[in-house]
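Structure first, then comments.
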Amino acid sequence: MSHGWRALLPFEFDEAGWTITRVLTLEGDRSPPVTVHINFHGDTLDVNTERRKLSKRDAARITRDVRHMFRLDEEMSLFYAAVAPDPDFDWIIKEGAGRLLRSPTVYEDLVKTICTTNCSWVLTTKMVEGLVKHLGRPVAEDGRHAFPTPEAMAAEPESFYRDTVRAGYRAGYFKELAGRVASGELDVESWLTSELSTAELKREMKRVKGVGEYAADNLLKLLGRYDCLALDSWVRATFARLHNKGRTADDRKIARHYARFKEWRGLALWCDITRDWIEDEV
DNA sequence: GCGTCCAGGTCTACC
DNA sequence: GGTAGACCTGGACGC
């Protein structure tokens with residue numbers, strides 16, 4: 001329930017059964033994508049595929065991707081220690097919240113983040129659906145599709161993104177980004193392990209057309225860097241409702257509100273303003 | 001039915 | 001470094 005990514009293909013979320021379904025890409029052209037169903041039983045996470053046989057290599061790839069998507073290797077104790085003194089935030093520890101769902105690749109998260117900018121959430125879901133259903137490799141068993149590769153996206157003309165994906169002015173951004181990544185000129189996956197400071201990495205991200213202040217902040221959170229706030233219209237409106245008597249708050253006021261959480265302020269903010277999502281569901 | 005606004009913003013030109 | 005105006009889409013809203 002951490003954020004809207006669960007509703008963007010090739011993720012699907014079944015609220016009744018608390019199951020995440022996800023199409024994962026396997027290595028090599030001979031291995032078509034596979035659909036996995038993921039749910040939780042206590043501290044156990046079950047991952048089921050619809051395929052009868054998986055090679056060791058495929059199983060290892062699926063395990064790696066699931067660990068990455070759910071951040072199972074991310075150390076949360078420092079974040080919990082940072083929020084523990086504040087009674088308004090100790091629910092985060094009780095719920096074990098804070099692991100923001102992410103895609104198996106930085107590229108996918110980057111494309112999706114551009115799809116969230118300057119439009120309604122409904123339009124975001126439609127753009128992502130268009131990309132996945134038209135360009136993603138199909139799963140043999142169920143007709144679902146993987147997220148398209150940079151190569152598949154680079155092969156399409158800009159008009160495809162404008163006319164079919166309905167991406168509007170973002171069409172040129174997708175074409176250019178996919179081409180740079182597919183050619184090897186831009187290695188966005190390296191951002192995960194970059195040793196650049198957050199400010200330096202943010203500058204690099206903003207060199208991608210379509211990535212501005214909000215989009216870069218959002219990507220940094222997905223990479224595991226939480227010292228940016230990622231303020232967008234929804235966050236500002238929700239902050240106003242929760243903490244400013246419904247009145248629009250200056251960005252500096254929002255920053256001051258979460259400053260005490262230091263390098264965890266972005267994650268503390270996000271947990272705070274989505275608290276009702278999780279509490280309603282629980 | 002039509003016009004306007006704006007949503008999980010960014011880019012460019014200009015100062 | 002700061003800011004005005006343009007930019008696609010599509011749903012909500014007022015008239």
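Order of the sequence lines sets the chain letters (A, B, ...), proteins ahead of strands, with each chain counted from 1.
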Which residues in residues 99-136 of chain A have at least one heavy atom lying under 4.0 Å from any atom of DNA chain B? A/Thr116, A/Thr117, A/Asn118, A/Cys119, A/Ser120, A/Trp121
Residues two or more places apart in sequence or in another chain: which of them pass side chain to side chain donor-acceptor pair (under 3.5 Å) with A/Lys262? none
Counting N and O atoms only, with roles assigned by atom type, does the side chain of A/Thr238 sit under 3.5 Å from a partner on the main chain of A/Trp234, one being a donor and the other an acceptor? yes
When rounded to the nearest Å, what value does the distance between P atoms of C/dA6 and B/dG8 take? 24 Å
Shortest non-hydrogen contact between A/Ala171 and A/Arg162, atoms and distance: CB-N, 3.7 Å
Quick one: how far along DNA chain B does chain A reach, first to last nucleotide 5' to 3', anything under 4.0 Å to a heavy atom? B/dA7 to B/dT12
List the residues meeting side chain to side chain donor-acceptor pair (under 3.5 Å) with A/Arg225, not counting sequence neighbours, and say none if there are none. A/Thr198
Can you pull every protein N or O that's under 3.5 Å from an N or O on nucleotides 3-5 of chain C?
none

Roughly how far, to the nearest 0.5 Å, is the CG atom of A/Asp272 from the CZ atom of A/Arg265? 15.5 Å
From A/Tyr80 OH over to A/Asp90 CG, what is the distance, rounded to the nearest 0.5 angstrom? 12.5 Å
How about A/Glu95 and A/Cys271: do any of their side-chain heavy atoms sit closer than 4.5 Å? no
Mind running side chain to side chain contact (heavy atoms under 4.5 Å, CB included) on A/Leu219 and A/Val188 for me, showing each step along the way? CA-CA 11 Å; A/Leu219 276 167; A/Val188 296; over 6 Å; no
Do any of residues 210-217 of chain A sit with a heavy atom less than 4.0 Å from DNA chain B, and if so which? A/Gly210, A/Val211, A/Gly212, A/Glu213, A/Tyr214, A/Ala215
Dot-bracket encoding of pairs in DNA chain C, which uses [ ] for pseudoknotted crossings and | for another strand, Watson-Crick or G-U under 3.5 angstrom: |||||||.|||||||
Would you please name every residue forming a side chain to side chain contact (heavy atoms under 4.5 Å, CB included) with A/Arg61, sequence neighbours left out? A/Thr25, A/Leu26, A/Glu27, A/Arg64, A/Asp65
Any donor-acceptor pair under 3.5 Å from A/Arg71 side chain to A/Leu222 backbone: yes
Can you tell me how far C1' of C/dG10 sits from CZ of A/Arg170, to the nearest Å? 11 Å
Mark yes or no for whether A/Lys112, through its side chain, and A/Leu9, through its backbone, hold a donor-acceptor pair below 3.5 Å. yes
Which of residues 226-242 of chain A have a heavy atom under 4.0 Å from DNA chain B? A/Asp232, A/Ser233, A/Trp234
5′-ward residue of the pair A/Asn218/A/Val208 relative to DNA chain B: A/Asn218
Could you label the plane-to-plane angle of the A/Trp264 and A/Tyr226 rings as parallel, tilted or perpendicular, counting under 30° as parallel and over 60° as perpendicular? parallel
Before accepting this row, confirm whether a basic side-chain N of the pair A/Asp217/A/Lys202 lies closer than 4.0 Å to the acidic partner's carboxylate O. yes
For A/Lys133, I'd like to know if atom NZ has over 12 heavy atoms of other residues, nucleotides or ligands within 6.0 Å. no
Considering only atom C1', compute the distance from C/dC8 to B/dC5 and round it to an integer number of Å. 15 Å
Partners passing ring pair (Phe, Tyr, Trp, His ring centres under 6.0 Å) against A/Trp5 (at least two apart in sequence or in another chain): A/His3
Examine distances only and state if a side-chain atom of A/Glu75 and a backbone atom of A/Ser77 form a donor-acceptor pair shorter than 3.5 Å. yes
Taking only residues two or more places apart in sequence, or in another chain, which ones meet A/Ser197 in a side chain to side chain donor-acceptor pair (under 3.5 Å)? A/Glu200
Checking A/Phe89 now: which residues fulfil ring pair (Phe, Tyr, Trp, His ring centres under 6.0 Å) with it, not counting sequence neighbours? A/Phe261
